[in-house]
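Heavy-atom basis, side chains included; hydrogens, waters and symmetry copies ignored. Labels below follow one simple rule: chain letters A, B, ... track the order of the sequence lines, proteins then strands, and each chain is numbered from 1.
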Amino acid sequence: MTDPTPAVTRFAPSPTGHLHVGGARTALFCWALARATGGTFLLRIEDTDQARSSDEAVRGILEDLHWLGIDWDEGPTLGAVGGDPRSVGPFYQSERRDLYDAAIQDLLALDLAYPAFETPEELDAMRVEAQQAKQNFRYLRAEDWDRDAALERWQAGEECVIRFRMPDEAVTVEDVILGAVDFASEQLDDFVIRKRDGFPTYHLAVVVDDEAMGITHVLRGQEHLNNTPKHMALQRALGYRIPVFAHLPVIQNADGSKMSKRDKDKAARAFVKDTGPDPTTLPIDGDRLARWIKDKKGQLDTSELDELAAALDMTLPEVTVEDFRSGGYLPDVVVNFLALLGWSPGTKNADGKDLERFSPGYLGEHFALDRVGRGNARFDRTKLLAFNQETIGTLPPEEFTARWTEWLGRYAPARVSTELDVPLLLRATQPRSRTLADPTAADGPGAFAFKADADIAYDEKAVGKWLAKGEPSGFDRLEPLADLVRSLSPFEPESIEAAIADWCAKNEIGMGKAAQPLRVAVTGSAASPPLGETLALLGQDAVLARIQQCLRLRDA
RNA sequence: GUCCCCAUCGUCUAGCGGUCUAGGACUCCGCCCUUUCAAGGCGGCAACACGGGUUCGAGUCCCGUUGGGGAUGCCA
């Protein structure tokens with residue numbers, strides 16, 4: 001099912017923060033199409049919004065892509081990735097302004113574009129008016145528009161934007177995923193191609209760059225479908241080629257809304273609104289905070305949001321690649337899961353079940369647009385987590401150790417003390433971990449090893465069932481077991497297990513009668529890794545101390 | 001409001017007119033294994049939104065209704 005024509009695709013993020021999952025999925029499909037067709041994948045930075053773009057965000061996005069294993073043939077360089085073999089760069093739109101200006105000049109000369117002098121406020125008023133009249137707002141050049149006068153005002157330095165004269169005709173977008181989509185001329189207006197600050201708008205820049213860079217396939221989210229007729233009109237006006245368009249279904253939150261990088265901002269906003277915290281206790285200065293609350297289009301930076309969330313003791317939703325990386329997800333799993341949001345292999349495994357788990361390499365080999373779905377897809381964290389856990393479980397221990405070490409170094413370097421037996425911790429927790437964060441997590445399978453003896457919380461049910469009951473009771477068995485523990489040397493999982501099994505056999509009781517009381521005594525709960533591993537991880541002294549501590553529960 | 005897109009289990013999806021008493025995965029529920037948990041094995045619950053057509057035959061094609069999503073920016 002390989003498309004025979006090599007596709008030149010591009011991913012063109014705007015650097016306003018880390019790569020979000022929607023963008024990651026788009027990048028992934030662009031990459032996969034290029035790979036599957038033997039084409040080229042190009043990365044371009046759309047930094048025409050001066051106010052919101054940052055170098056830090058660019059670096060973040062490059063790293064996010066790299067972490068996912070999405071490598072680009074052309075674009076900004078990151079290590080050995082990127083470059084400009086065809087000489088189509090630069091890859092930052094802010095460095096390509098001559099090209100945009102030239103295109104705008106061409107359109108101006110052909111009277112296909114013109115300066116417009118309304119202020120944003122005036123336009124807002126016009127929109128409100130149209131809204132109230134229950135009509136669609138549509139900006140069109142007036143019938144009696146005076147070209148010479150307008151150009152003169154522009155020459156004189158009056159502030160203005162440049163608008164494109166939309167031809168008065170319907171446009172049909174031929175989308176490979178959605179089929180033919182018609183847009184009536186009445187809903188297409190004269191849109192802005194150059195902003196007051198002299199930068200081109202997205203619409204103009206995209207079209208100019210895609211042509212100059214020889215892009216053959218434009219893959220993007222369905223939220224761009226309505227922009228496509230504008231782009232096609234520009235392409236025709238400028239004599240450009242029309243690329244193949246493929247609009248990908250939107251990735252949604254569990255509640256059905258579009259998953260976007262603004263979700264964090266929205267969540268924080270809602271939280272502040274609901275709880276009404278004292279502004280003076282927040283890490284953001286009063287003025288900025290007030291403006292933020294008032295203006296929904298203004299967003300806080302990622303770092304500001306993180307600080308705010310910490311101060312408010314709230315959890316921000318995971319929406320970026322970095323969120324999932326820091327959460328301890330494996331990149332190949334994220335790629336696999338993302339690919340399934342809108343694409344499916346349509347192949348069966350040897351056991352007759354649908355192929356669902358595959359590597360990035362498989363995707364790069366078998367991806368094709370004809371298997372991309374049309375319906376929006378919800379992002380189901382539970383399934384992602386299940387995939388991640390399954391993959392962690394199948395990792396060879398050395399690889400798990402390597403991945404975990406890398407994760408720990410980056411996100412929680414102070415979490416592990418020098419006394420801790422790390423190999424044993426990982427042996428005990430790998431089969432029980434859903435993420436790389438789990439082995440050291442406060443609520444993870446190894447949590448008991450990170451608590452001070454005094455902080456062990458004894459689960460009431462577990463104490464009732466395994467310690468208080470029976471004749472003799474679990475509590476009573478703890479004393480001889482403590483003696484047994486004290487006598488053991490070395491104190492290792494296998495020898496501990498063997499000694500306890502032996503003790504049980506001698507006393508003619510089942511393993512459960514000894515193992516469970518011990519487990520509850522040292523962890524506070526009835527569930528933990530195998531007893532030998534649990535005890536060995538704690539060490540002889542801590543085990544004895546915790547048994548004594550537990551016994552005080554009986555005597556109290 | 002207007003325009004655009006979409007519609008199979010709770011979720012992701014397979015299905016491209018008959019092989020569908022609709023398959024897989026996640027979740028959930030049983031059972032087995034077992035010193036607990038996890039993993040694993042086995043089994044179960046669960047869907048073609050609705051109404052009209054077309055056709056010998058419709059989950060699959062057409063129209064409408066309803067529902068959901070997106071857009072409506074001098075953001076991208």
> Which whole-number value in Å describes the distance from A/L531 CG to B/rC37 P?
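Those two atoms, CG and P, are 14 Å apart.
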> For A/F183 and B/rC4, give me the distance from atom CZ to atom P, rounded to whole Å.
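Distance check: A/F183 CZ to B/rC4 P gives 8 Å.
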> Rounded to whole Å, please give me the gap between CD in A/E533 and P in B/rC37.
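That distance rounds to 16 Å.
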> A/M511 CE to B/rU36 P: how many Å, rounded?
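From A/M511 CE to B/rU36 P: 10 Å.
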> B/rC74 P sits how many Å from A/F164 CZ, rounded?
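Checked: the CZ to P distance equals 16 Å.
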> Would you indicate which nucleotide in B/rA25, B/rA71, B/rC74 comes nearest to any side-chain atom of A/K383?
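It is B/rA25.
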> Tell me which of A/Q389 and A/Y202 sits closer to the 5' end of RNA chain B, going by the nucleotide each one is nearest to.
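Mapping each residue to its closest nucleotide by heavy atoms, the 5'-most match is A/Q389.
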> If each of A/G346 and A/G532 is mapped to the nucleotide of RNA chain B with the nearest heavy atom, which maps nearer the 5' terminus, i.e. the 5' end?
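Going by which nucleotide is closer to the 5' end, it is A/G346.
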> Does B/rA76 have its OP1 or OP2 closer than 4.0 Å to a side-chain nitrogen or oxygen of A/T48?
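Yes, such a contact exists.
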> Whether A/D265 and A/R269 form a salt bridge (side-chain N of Lys/Arg under 4.0 Å from carboxylate O of Asp/Glu) is what I want to check.
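Yes, charged N to carboxylate O under 4.0 Å.
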> Salt-bridge test for A/R127 and A/E118: reply yes if a basic N is under 4.0 Å from a carboxylate O, no otherwise.
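Salt bridge between A/R127 and A/E118, a charged N being under 4.0 Å from a carboxylate O: no.
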> Round to the nearest Å and state the distance from A/L248 atom CG to B/rG70 atom C1'.
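So the CG-C1' distance, A/L248 to B/rG70, works out to 14 Å.
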> Does A/D210 pair with A/R44 as a salt bridge, N-O distance under 4.0 Å?
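Looking at A/R44 together with A/D210, the answer is yes, because their closest N to O distance falls below 4.0 Å.
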> Which whole-number value in Å describes the distance from A/F379 CZ to B/rU27 P?
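Going from A/F379 (CZ) to B/rU27 (P), I get 15 Å.
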> Taking the minimum atom-to-atom distance to the side chain of A/D354, which one of B/rC74, B/rG24, B/rC26 wins?
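Ranking B/rC74, B/rG24, B/rC26 by closest atom to the A/D354 side chain puts B/rG24 first.
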> Quick one: A/Q252 CD to B/rC5 P, roughly how many Å, whole number?
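To the nearest whole Å, that distance equals 17 Å.
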> Does this structure show an ion pair linking A/E533 with A/R427, if we count only N-O contacts that are shorter than 4.0 Å?
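Salt bridge flag = yes for A/R427 with A/E533.
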